[in-house]
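These notes are about the structure you will find just below.
Positions are given from 1 along the sequence. The basis for the numbers below is simple: all heavy atoms, side chains too, and nothing from hydrogens, waters or symmetry mates. These figures come from a predicted structure and were not determined experimentally.
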Amino acid sequence: MVTIDKLREEVKKRLSPNRFEHSERVADMSEKLSKIWNGDTTKLVYAAYLHDIARDMPTKELIKIVKENGYRIKKLEYAKPVLLHSLAGAIIAETIFGVNDQSILNAIRYHTTGRKGITVNEAIIYIADFTECGRNFKEASLVRKISFKNLKEAVLKETELNICFLMNKRKPIHPYCIEMFNDLLKSEIVQ
């Protein structure tokens, strides 16, 4: 893997200015949360810079990347292809940026949906993406406050807010999100 500085330069070339600034803020929030929750800061910053590397790609490109790397696309992902940017991002992180650390790849892959058995690093990227300081809506502020006190409760609250938002709009909810929510209700802490 390249250094964080080199990674930052490479990511900056590939993202729009707004998307790159978001990634920088996610990296900053990830560092803050890492210090509180004993995350691996270096891995988190790496994941933060790469988490949206595929976010602005056209749908056809996302589908191509995912299929060419042997993944089956779920019906829900065909219906809402923006969900594929996290999996495509993990693939790009591995194949183009040479990331071979599974914990970084999983943090990128599950940053939008979470998953059953979510780890501390995955939870931090999931939360940081929602609460970075550029997110100024009241739900982000609420989850940000909770995240400095209780990581599990922050993940539950963010997920609850997302599920309610989607239900109110009668939009499908990714099964990974529901599985994570149910799993965390039974767990003492984020693993």
Side-chain angles (χ1 to χ4, degrees), residues 1-56 85-94 96-115 117-159 161-162 176-177 180 184 187-191:
M1 293 195 313
V2 298
T3 65
I4 294 290
D5 289 339
K6 181 72 176 166
L7 174 70
R8 188 177 174 277
E9 286 175 32
E10 290 299 317
V11 169
K12 189 173 185 177
K13 290 178 197 170
R14 294 170 180 261
L15 296 180
S16 68
N18 287 343
R19 186 76 57 203
F20 178 71
E21 288 169 15
H22 164 68
S23 295
E24 291 224 285
R25 292 190 301 265
V26 172
D28 182 58
M29 181 59 74
S30 296
E31 282 188 81
K32 289 176 184 168
L33 293 173
S34 180
K35 289 174 185 167
I36 298 170
W37 302 113
N38 297 318
D40 186 317
T41 304
T42 302
K43 290 180 181 181
L44 284 164
V45 170
Y46 232 89
Y49 275 111
L50 289 169
H51 83 285
D52 269 351
I53 196 70
R55 181 66 178 81
D56 295 328
H85 86 273
S86 53
L87 175 55
I91 292 166
I92 290 168
E94 185 174 16
I96 295 178
F97 288 90
V99 176
N100 57 13
D101 184 309
Q102 197 60 48
S103 67
I104 296 172
L105 298 173
N106 284 345
I108 297 166
R109 179 173 180 177
Y110 299 107
H111 81 270
T112 55
T113 61
R115 68 174 176 133
I118 191 169
T119 66
V120 169
N121 279 355
E122 292 167 22
I124 287 173
I125 293 295
Y126 180 79
I127 293 295
D129 186 37
F130 189 75
T131 65
E132 52 93 344
C133 67
R135 309 278 201 197
N136 54 15
F137 46 94
K138 68 179 180 184
E139 294 85 356
S141 177
L142 172 65
V143 174
R144 187 180 308 120
K145 285 180 188 169
I146 297 169
S147 72
F148 294 134
K149 297 176 184 166
N150 187 319
L151 186 62
K152 175 188 159 186
E153 285 302 320
V155 173
L156 280 169
K157 179 51 83 177
E158 179 182 332
T159 305
L161 291 166
N162 287 337
Y176 292 167
C177 187
M180 176 178 67
L184 283 175
S187 304
E188 292 294 318
I189 55 169
V190 173
Q191 298 173 357

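Checked by atom type, the side-chain pair E24/Y49 shows a donor-acceptor distance below 3.5 Å.
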Working for salt bridge (Lys or Arg N to Asp or Glu O under 4.0 Å), residues K6 and E10 = CA-CA 6 Å; K6 181 72 176 166; E10 290 299 317; 3.6 Å; yes
Verdict with supporting geometry, N121 and I125, side chain to side chain contact (heavy atoms under 4.5 Å, CB included) = CA-CA 6 Å; N121 279 355; I125 293 295; 6.0 Å; no
Test side chain to side chain contact (heavy atoms under 4.5 Å, CB included) applied to S23 and L15, step by step = CA-CA 9 Å; S23 295; L15 296 180; 3.7 Å; yes
In sequence, state the C-alpha distance, the side-chain angles, and the governing distance for V2 and E9, and then conclude on side chain to side chain contact (heavy atoms under 4.5 Å, CB included).
-> CA-CA 11 Å; V2 298; E9 286 175 32; over 6 Å; no
Taking it one step at a time, do E21 and N18 satisfy side chain to side chain contact (heavy atoms under 4.5 Å, CB included)?
-> CA-CA 5 Å; E21 288 169 15; N18 287 343; 4.2 Å; yes
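The line from OG of S86 to CG of L50 is 13.0 Å long, rounded to the nearest 0.5 Å. The distance from the CD1 atom of I36 to the OG atom of S147 is 6.5 Å, given to the nearest 0.5 Å. Note that CD1 of I118 and NZ of K152 are 12.5 Å apart. Values are rounded to the nearest 0.5 Å. How far OG1 of T112 is from OH of Y176: 10.5 Å, rounded to the nearest 0.5 Å. We find the CG-CD1 distance between L44 and I124 to be 5.0 Å, quoted to the nearest 0.5 Å. Residue H85 holds its NE2 atom at 4.0 Å from CG of D52, rounded to the nearest 0.5 Å.
Checked for salt-bridge contact, D56 and R14 miss the test: no charged N lies under 4.0 Å from a carboxylate O.
When all heavy atoms are compared, the tightest approach of A154 to V143 is O-CG1, 3.8 Å. Here the closest heavy-atom approach between residue I53 and residue G89 is recorded as CG2-CA, 3.7 Å.
Cation-pi geometry between R115 and Y110 is satisfied (NZ or CZ under 6.0 Å from the ring centre, within 45° of the ring normal).
Remark: Q102 pairs with N106 by the side-chain hydrogen bond (donor to acceptor under 3.5 Å, both in side chains) rule, at least two apart or across chains.
By the 4.5 Å heavy-atom criterion applied to side chains, K43 and D101 are counted as neighbours. Considering only heavy atoms from C-beta on, E122 stays 4.5 Å or farther from M180 through its side chain. Residues N38 and V120 form no side-chain contact, since every pair of their non-hydrogen atoms from C-beta on lies 4.5 Å or further apart. Annotation: side chain of D40 is not in contact with side chain of S103 (no heavy-atom distance under 4.5 Å). Using a 4.5 Å cut-off on side-chain heavy atoms (C-beta onward), K157 and E139 make no contact. The closest side-chain heavy-atom distance from T41 to V45 is below 4.5 Å.
Among residue pairs with one or both ends in residues 125-145, those qualifying as ring pair (Phe, Tyr, Trp, His ring centres under 6.0 Å) are F130-F137; sequence neighbours excluded.
Put simply, the side chain of R144 never gets that close to the backbone of A128: no donor and acceptor are under 3.5 Å apart.
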Can you give each donor-acceptor pair under 3.5 Å made by side-chain atoms of residues 25-32, sequence neighbours left out, with the distance rounded to 0.1 Å?
residue : atom : partner : partner atom : Å
R25     : NE   : E132    : OE1          : 2.5
R25     : NE   : E132    : OE2          : 3.4
R25     : NH2  : E132    : OE2          : 3.3
D28     : OD2  : K32     : NZ           : 3.4
S30     : OG   : V26     : O            : 2.8

